[in-house]
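Read the numbers this way: they start at 1 and go in the same order the structure lists the ligands and their atoms. In this chain, numbering begins with 1 at the start of the sequence shown.
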Amino acid sequence: MLDKRILYAPADEENRRALMGELFLKYPFLRKSCIGESLCGREIPMVSVGEGRKVLFVCAFHGMEWLTTLVILRFLDELLEKVYKKGFFCGIRANMIFRDRMLCVVPCINPDGVEIAIHGAKSAGEYCESVCRIGGESRWQANAAGVDINHNFNAGWKALKSLEMKNGITAPAPTRYGGMSPESEPESRALARLCRNTSFIRALAFHSQGEEIYWSFGDYSPEIARLQGELLAELSGYKLSEPDGLAVGGGFKDWFVETFNRPGFTVEIGRGENPLQVSMLDGIYERLKQMLIISIIM
Ligand SMILES: [Zn+2]
């Protein structure tokens, strides 16, 4: 079990570093790499384990959605403990899983946004003033430039932009402004580069909230994606959904599906108002762990 004082606290940069440090100490076979840096120069680490076909988990696209990081780091800890002790996880022999699977986890793709949402504009460094000018720092979802990372990918871009216009979103904002061009931000560029350089068989993007799983993007979703989505929904009790309105296009999952024609899922964890509270961690984790393990091996 990870240090409870840190696991049950908002997943800011310091706490993420502490939790990952613990994981590396406990599990020497866990590997660390860095996929890039945020606008404010914060490192964007990735942890990976296993050999073979690669599955990607990405957490915390949005500032207030750091509970996704805690759920996945906790999952990693409990799963790796079973691997280490040659035990079973949800009835599956844990050390068999990683003979033909590599799990790659980016615990936080938007480290500046999370820091702003938790600690305020002062954590945005040289972007502090512009964050203050934009306003809404306590409800911050974007990166330090006021660009929503999950609206900054090259999928359905024109449609997304005209929808933004219709909704009066024309400039940097705490949420839902997609930027001047796709991949204009270092965070989305880092993630896109990672996916172009690594052949992932599927990707799961974790957000909060809504207890929903989104699986499709236009005509690009492979047939198997719906079946896999149905399985993930069945195992978690979450609803299998198709996006509407501003949630269409520009998202990482959309881009992944369109670019690689492989299954990509957005998982909206929990239910309530963002940021979801740490007291919800246990319930959300227990409900998702079986779905998470199957999402690696299916
Ligand atoms: Zn989100």
Here the Zn ion (ligand 1) sees protein N, O or S atoms within less than 2.8 Å, and their number is 4
Taken in chain and number order and not counting sequence neighbours, the residues that satisfy side chain to side chain donor-acceptor pair (under 3.5 Å) with Glu273 are none
What pairs with Arg42 under side chain to side chain donor-acceptor pair (under 3.5 Å), at least two apart in sequence or on another chain?
-> Glu13, Asp112
Side chains of Cys104 and Thr198 in contact at under 4.5 Å (non-hydrogen atoms) | no
Salt bridge (Lys or Arg N to Asp or Glu O under 4.0 Å) contacts in which one or both residues fall within residues 81-92, not counting sequence neighbours = Lys26-Glu81, Glu81-Lys85
Working for side chain to side chain donor-acceptor pair (under 3.5 Å), residues Ser123 and Glu115 = CA-CA 6 Å; Ser123 46; Glu115 220 60 17; 5.7 Å; no
Between Tyr220 and Asp254, does any side-chain donor sit less than 3.5 Å from a side-chain acceptor?
-> no
